[in-house]
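Notes follow once the structure below has been shown.
Every heavy atom of this structure was used, including side-chain atoms; hydrogens, water molecules and symmetry mates were not.
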Amino acid sequence: MKTKLTKRYIDSNTDSQGKWPSPPDEDLFIRDTGLAGFGIKITPSGTVSYIYENNIKGRGSKRTTLGRYPSLPFTDAKNEALDTSKLYR
(Lines give C-alpha, C1' and ligand atoms only; values in the text may rest on other atoms or scores of the structure.)
Protein backbone atom coordinates (compact mmCIF):
# COMPACT_ATOMS: atom_id res chain seq x y z
CA MET A 1 0.00 0.00 0.00
CA LYS A 2 1.26 3.50 -0.82
CA THR A 3 0.19 6.87 0.53
CA LYS A 4 1.69 10.22 1.40
CA LEU A 5 3.05 9.58 4.88
CA THR A 6 2.74 12.53 7.22
CA LYS A 7 2.72 12.99 10.96
CA ARG A 8 -0.99 13.78 10.70
CA TYR A 9 -1.68 10.54 8.80
CA ILE A 10 0.09 8.41 11.40
CA ASP A 11 -1.38 10.31 14.37
CA SER A 12 -4.91 9.97 12.98
CA ASN A 13 -4.51 6.21 12.51
CA THR A 14 -3.03 5.37 15.92
CA ASP A 15 -4.40 5.40 19.46
CA SER A 16 -3.04 7.37 22.43
CA GLN A 17 -0.34 4.72 23.04
CA GLY A 18 0.86 4.91 19.44
CA LYS A 19 -0.67 1.56 18.44
CA TRP A 20 -2.62 0.86 15.27
CA PRO A 21 -6.17 0.30 16.62
CA SER A 22 -7.19 -2.39 14.14
CA PRO A 23 -3.93 -4.25 13.51
CA PRO A 24 -3.52 -6.54 10.50
CA ASP A 25 -3.30 -10.34 10.67
CA GLU A 26 0.26 -10.16 9.30
CA ASP A 27 2.84 -7.40 8.91
CA LEU A 28 1.50 -4.52 6.83
CA PHE A 29 3.83 -2.13 5.01
CA ILE A 30 2.70 1.34 4.02
CA ARG A 31 5.18 3.11 1.77
CA ASP A 32 5.54 6.85 1.31
CA THR A 33 4.78 8.28 -2.12
CA GLY A 34 7.06 11.27 -1.44
CA LEU A 35 10.34 9.67 -0.34
CA ALA A 36 11.27 6.45 -2.11
CA GLY A 37 12.09 3.67 0.33
CA PHE A 38 10.52 5.32 3.39
CA GLY A 39 7.55 3.71 5.06
CA ILE A 40 5.95 2.26 8.15
CA LYS A 41 5.50 -1.33 9.23
CA ILE A 42 2.46 -2.31 11.30
CA THR A 43 2.69 -5.61 13.16
CA PRO A 44 -0.21 -7.84 14.28
CA SER A 45 0.24 -6.44 17.82
CA GLY A 46 -0.40 -2.92 16.45
CA THR A 47 3.19 -1.69 16.83
CA VAL A 48 4.17 0.94 14.26
CA SER A 49 7.82 1.17 13.15
CA TYR A 50 9.48 3.43 10.62
CA ILE A 51 11.41 1.60 7.89
CA TYR A 52 13.68 2.33 4.97
CA GLU A 53 13.96 -0.13 2.07
CA ASN A 54 16.46 -0.14 -0.75
CA ASN A 55 17.07 -2.46 -3.68
CA ILE A 56 20.65 -3.63 -3.98
CA LYS A 57 21.73 -4.84 -7.41
CA GLY A 58 22.01 -8.61 -7.47
CA ARG A 59 21.13 -8.96 -3.80
CA GLY A 60 17.43 -8.10 -3.58
CA SER A 61 16.14 -5.56 -1.14
CA LYS A 62 17.45 -4.44 2.24
CA ARG A 63 15.02 -3.25 4.91
CA THR A 64 16.27 -1.15 7.81
CA THR A 65 14.15 -0.39 10.88
CA LEU A 66 14.69 3.24 11.83
CA GLY A 67 12.73 3.21 15.08
CA ARG A 68 9.30 2.88 16.64
CA TYR A 69 6.47 5.34 16.65
CA PRO A 70 5.90 7.43 18.83
CA SER A 71 9.38 7.13 20.45
CA LEU A 72 11.00 8.40 17.24
CA PRO A 73 9.34 11.61 16.00
CA PHE A 74 8.13 11.57 12.38
CA THR A 75 10.52 14.31 11.18
CA ASP A 76 13.49 12.53 12.77
CA ALA A 77 12.48 9.25 11.09
CA LYS A 78 12.20 10.93 7.70
CA ASN A 79 15.59 12.61 8.14
CA GLU A 80 17.10 9.27 9.17
CA ALA A 81 15.64 7.71 6.01
CA LEU A 82 17.26 10.44 3.92
CA ASP A 83 20.61 9.82 5.63
CA THR A 84 20.26 6.05 5.13
CA SER A 85 19.42 6.53 1.44
CA LYS A 86 22.74 8.34 0.97
CA LEU A 87 24.60 5.23 2.16
CA TYR A 88 23.22 3.21 -0.76
CA ARG A 89 24.00 5.64 -3.58
Side-chain angles (χ1 to χ4, degrees):
M1 176 177 169
K2 287 188 175 191
T3 192
K4 180 175 175 143
L5 286 179
T6 62
K7 180 181 182 326
R8 178 179 287 169
Y9 175 83
I10 297 170
D11 288 346
S12 68
N13 284 291
T14 53
D15 63 19
S16 60
Q17 282 79 41
K19 297 278 189 176
W20 207 261
S22 53
D25 293 332
E26 56 186 39
D27 289 348
L28 171 67
F29 295 91
I30 301 176
R31 291 163 177 86
D32 187 23
T33 56
L35 176 59
F38 182 60
I40 57 174
K41 172 184 165 184
I42 301 129
T43 65
S45 67
T47 301
V48 179
S49 297
Y50 298 106
I51 59 161
Y52 178 77
E53 294 179 300
N54 189 41
N55 289 323
I56 301 170
K57 290 182 182 178
R59 293 187 176 177
S61 69
K62 165 107 172 111
R63 182 179 303 133
T64 304
T65 301
L66 304 172
R68 285 192 179 169
Y69 172 85
S71 301
L72 180 64
F74 177 79
T75 53
D76 292 351
K78 201 152 190 182
N79 287 335
E80 181 116 0
L82 281 168
D83 291 343
T84 303
S85 72
K86 293 173 186 174
L87 297 173
Y88 294 105
R89 288 188 188 166

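Linking Ile, Leu, Val, Met, Phe, Trp and Tyr whenever their side-chain heavy atoms come within less than 4.5 Å puts Phe74 and Leu82 in one cluster. A single hydrophobic cluster is seen to contain both Tyr69 and Leu28, as judged by linkage of ILVMFWY side chains at heavy-atom distances under 4.5 Å, directly or through other members. Side-chain heavy atoms closer than 4.5 Å link hydrophobic residues (I, L, V, M, F, W, Y) into clusters, and following such links, possibly through other members, connects Leu35 to Leu66.
A distance of 11.5 Å separates CG in Asp76 from OG in Ser71, rounded to the nearest 0.5 Å. The line from NZ of Lys41 to CG of Asp27 is 4.5 Å long, rounded to the nearest 0.5 Å. Atom CG in Asn79 sits 9.5 Å away from atom CG in Leu72 (nearest 0.5 Å). Interatomic distance, Met1 CE to Ile30 CD1, rounded to the nearest 0.5 Å: 4.5 Å. Taken to the nearest 0.5 Å, the CD1 atom of Ile42 stands 9.5 Å off from the CZ atom of Phe29. Note that CD of Glu53 and CZ of Arg63 are 4.5 Å apart. Values are rounded to the nearest 0.5 Å.
Judged by distance alone, with hydrogens and angles left aside, the side-chain atoms of Asp32 form a donor-acceptor pair with the main-chain N or O of Leu5 at under 3.5 Å.
Contact of the Asn54 side chain with the Ser61 side chain is not registered, since no non-hydrogen atoms from C-beta on lie closer than 4.5 Å. Taking the side chain as every heavy atom from C-beta outward, Tyr50 and Glu80 never approach each other to under 4.5 Å. Thr47 has its side chain within reach of Arg68: a pair of non-hydrogen atoms, C-beta onward, lies under 4.5 Å apart. Between Lys4 and Tyr9 there is no side-chain heavy-atom pair separated by less than 4.5 Å.
Among Thr43, Ile40, Asp15, the single residue meeting the side chain to side chain contact (heavy atoms under 4.5 Å, CB included) criterion with Trp20 is Ile40.
When every heavy atom of Ala36 is checked against every heavy atom of Tyr52, the shortest pair comes out as O-CE1, 3.5 Å. The nearest pair of heavy atoms linking Pro44 to Asp25 is CG-O, 3.6 Å.
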